[in-house]
Structure formats: structure tokens, C-alpha cells
Protein chains: 2
Amino acid sequence: MPRRPLRFDPVAEARRNWVERGWLEAADGMALVTSVMRVHQILLARVDDALAPFGLTFARYEVLMLLTFTRTGQMPLGKIGQRLQVHPASVTNVIDRLESDGLVQRRPHPTDMRTTLAVISVKGRRLAARATEVLNRDVFAEVGPTPEALQELFTTMADLRRAAGDFDPTPQPTH
Amino acid sequence: MPRRPLRFDPVAEARRNWVERGWLEAADGMALVTSVMRVHQILLARVDDALAPFGLTFARYEVLMLLTFTRTGQMPLGKIGQRLQVHPASVTNVIDRLESDGLVQRRPHPTDMRTTLAVISVKGRRLAARATEVLNRDVFAEVGPTPEALQELFTTMADLRRAAGDFDPTPQPTH
DNA sequence: TTTCAATAGTTGGACGTCAAAGTAGTATGG
DNA sequence: CCATACTACTTTGACGTCCAACTATTGAAA
């Protein structure tokens, strides 16, 4: 994408406009929402760049890793959607692509004929491992101003997610 | 979307898995990236819900507000893309839809025949004003655990965006 | 002045996301 | 035991995003 950096922070500019019109109650919330949109865009672009050589996207990578972390390398599609917080139709879409690349395979559930299991293949495991190496090195280890700010950011966003009902408000250790 | 909340934080769970495999350098970065993806999804859903009654999406709303904040209510498409940090093709797409709803109008640039200006209409101004009212009340004023955490979050993300080259590292007051 | 590179916008295709509607299988209440 | 509600997944369509390729215009260099 054409990325000629601006001479100013467009979000701070928007916030100024909000305050100028007297929308004081909403200015910080607007700035936060807009910031999240931009940061999301930036990070997703970085991740997808790193994954492109492997023919992966973040959506596909997330599914592969989720399967990797299971005991048996398989999981019902519906559960994948719950864990990754995406719509069933999105899961169908991603699994379709992973399957046509031979990285996962659909298998009927042994007892419940409604359920479809996604099983990660050896090829899928290998690819996920190689992709993780690159992703860890080139993106994840490089993100964030400082480790402290990063931790702070993470916990604050976890609060936000919890408040949004993303998961149960049971206290969970973050490390 | 089906939103049955989980009993645990899936991001913290992923982070545990990262640490377990010895990817210590990358664990926090991975958690941050994943958090941002989820928070983005949550906030975008809220915003789009609030805007749906107006026939708007956040992308369209952002363009309308950007035009609202200009002196003359108009701006070249390319500049819109720079300010909102989106691809030229995305601008074309959004302007197409806004135009077919009569909220903006395309107009040729007076001197540079390559350039197209988007001009906000009276209808566009009115709709943006009404949408802002609802958005401020129902979303922006309700976001975030506390005002302090919200501020903190915003400035930390601004650092992150600045480091990513989103805008020039010139110090800018945030309020 | 002529040629060629840079800029502005559009088009077409790929991808991920969601909602709504449809199909198939399971579970439950009468 | 059967009718009905619920669950799991898929399909279709809409939207936003990006990239690559294309057209038109401007600008700059030879």
C-alpha cells in the first residue's frame, strides 16, 4: 500500500475536532476506537507479509496453530469458531482453503453426524512450525515500544475484552 | 454472530502455549497482536451496529466526518486515502457507495484533471451529524474500563503507530 | 518540444468477515 | 414414538480491504 507518512497523528487530529465541537464525553472513546482500527491494520499487514511466503494468512495460521495445540490435532469446526471468535461461515471458508492446500482435512465426527472435525496434516504441522519461526522472529518479537508498555497494553485490552463479554470475567493469570 | 462467552481468555491461553514451547521472546508480542485483532473485531461490531440504522458503516462514516471537518466540505480522493490510511481502491469503493446514496458527490478538480474531489452533500452532513450523536452516546462514551486506562491505551498505541511509520515522529500533543 | 517517468483514479480479482437462509442430524417434550 | 426445537455446518450475497494492471494526465529531463 502507498505509505507516505503524514506529518501529524490523524487520530489526535480527529480528537481535537471532537473536543472543538464539545463532544468531550466521547472524544477519548473515539480516539481509542480509531487507534485500534489503525493498529489492527498495521499489525495485520505485518503478519500477513510475513506469512505470505508460506501461502498463509493470519486467519489460516490461527486455525493451524489452534489445531497444533490440541492433543489429537483435531477439533470440531464449531469449536474453532468459538475459540477464534469468528462466524461459522468464516470457519467454513478458511477450512475450505486449508483443505484444498492439504494442510488440514475434514473428517466426520465419530458419534455426532452433524459435526465435522478438522484434522491437521503432517504438511500442515510442518508449515505452521516454519511460519511460526519467521513470525516470532520478524513480527512478534519486534512489536511494541517497550516490553512494559506491551504488557500494560495487553492487560488493559484484556480488561476491555472481558468487559465486552469476550470471555467469562473469571480472573485469569496472564503469565 | 453467535457469542457464547468462553470460560477463559483465549489470548492468555495462546500465550501460555507460546511460553510452554519456549518462545519467550515472542510470547508478549503474539499476545498483543492477537488482542488487537479481537478488540478490533469487538469495537468494529459495536460501531457498525450503531451505524446500521443510518445505512452507514465505519468506513463510510469516517469519510463523511473527514469531509465535514474540511473548510469547503471537499477533498481529493487520494488525500482521503492518506488521511484514513486506506488503499486508493478502497476509497473508490467507499465513495462509490456514498455517492450512490447521495451523501457525497464526485467533482473534477479545477486545475488538475487527474484529481477527483469528493464533496459532501447537505444530506451527507445531516446524516453524519445524526450518526455522530448516536455513536458518541452509545459507543464512544461507553468504551474502556476507566478514563485513565483509556488515555493510557491511546497514548501507548500512538507510540506504536508512530514507530510503525504511520505518521511523522514529530511530538504531537494528544489533548 | 518531445519523450518518459510520476501521479490520480478505476477495474477486476482474491481474501476474510458477517448475516440470512437452507440442509441435515440430534434431543426433548407430550 | 413422534413432532418440534435445537445444533452444526454450508451456501449465497454484501461489504471492506488489498494488490496488480490499466488509463489518463501532469511534470521534468533531454
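Note: hydrogens, waters and symmetry copies are ignored here, and every other heavy atom, side chains too, is used. Note that the structure is a prediction, hence the values are computed from the model and not measured. In what follows, every chain begins at residue 1, and chains take the letters A, B, ... in the order their sequences are listed.
Straight-line distance from the CD atom of Gln41(A) to the C1' atom of dT17(C): 16 Å, rounded to whole Å. The distance from atom CD of Gln82(A) to atom C1' of dT7(D) is 11 Å, rounded to the nearest whole Å. Put simply, CG on Asn93(B) is 9 Å from C1' on dT17(D), counting in whole angstrom units. The separation between Asp49(B) atom CG and dT17(C) atom P is 18 Å, rounded to whole Å. If you take CG of Leu84(A) and P of dT17(C), they are 9 Å apart, rounded to a whole angstrom. Atom CE in Met113(B) sits roughly 13 Å away from atom P in dG27(D) (whole-Å rounding). The NE2-C1' distance, from His87(B) to dT10(C), rounds to 11 Å in whole Å. Atom CG in Leu51(B) sits about 11 Å away from atom P in dG16(D), given to the nearest Å.
Salt bridge status for Asp159(A) with Arg162(A): present, with a side-chain N to carboxylate O gap under 4.0 Å. A salt bridge links Arg38(A) to Glu62(B): one of the charged nitrogens lies within less than 4.0 Å of a carboxylate oxygen.
When all heavy atoms of Leu77(A) and Leu117(A) are compared, the closest pair comes out as CD2-C, 4.4 Å. In this structure, Thr92(A) and Arg106(A) approach most closely via the heavy-atom pair O-NH2, 4.0 Å.
Note: Trp23(A) and Phe69(B) have tilted aromatic rings, judged against thresholds of 30 and 60 degrees for the angle between ring planes.
Comparing dC6(D), dT17(D), dC15(D) against the side chain of Ser90(B) picks out dT17(D) as the nearest. Comparing dT10(C), dC18(C), dT11(D) against the side chain of Thr92(A) picks out dT11(D) as the nearest. Among the nucleotides dG25(C), dG9(C), dC9(D), the one closest to any side-chain atom of Leu77(B) is dG9(C). Among dT10(D), dA8(D), dC15(C), the nucleotide with an atom closest to any side-chain atom of Pro88(A) is dT10(D).
Distances shorter than 4.0 Å separate some side-chain N or O of Thr57(B) from OP1 or OP2 on dG16(D). Between Arg60(A) and the phosphate of dG16(C), there is a side-chain N or O to OP1/OP2 separation shorter than 4.0 Å.
In the region residues 96-111 of chain B, proximity to DNA chain D at under 4.0 angstrom, judged on heavy atoms, holds for Arg97(B), Thr111(B).
Inspection of the Glu25(A) and Asn136(B) side chains reveals no N or O donor paired with an N or O acceptor under 3.5 Å. A donor atom on one side chain and an acceptor atom on the other are not found under 3.5 Å apart for Arg21(B) and Asn17(B).
In the helix from dT1(C)-dA30(D) to dG30(C)-dC1(D), the end axes, each obtained as the rotation axis mapping the C1' atoms of four pairs onto the next four within a five-pair block, lie 10° apart to the nearest 10 degrees.
Looking at which nucleotide of DNA chain C each of Phe58(A) and Ala89(A) is closest to, the 5′-most match is held by Phe58(A).
Looking at Ser90(A), its side chain never comes within 3.5 Å of a backbone N or O of Val86(A) through a donor-acceptor pair. Of the possible donor and acceptor atoms, one in the side chain of Ser121(A) sits under 3.5 Å from a partner among the backbone N and O of Gly102(A). Thr156(A) contributes no side-chain N or O that, together with a main-chain N or O of Leu153(B), makes up a donor-acceptor pair within less than 3.5 Å.
Using a 4.0 Å heavy-atom distance criterion, Asp112(A) is classed as a sugar-phosphate-only contact. Thr115(A) comes within 4.0 angstrom of sugar-phosphate atoms only, judged by non-hydrogen atoms across all strands, and of no base.
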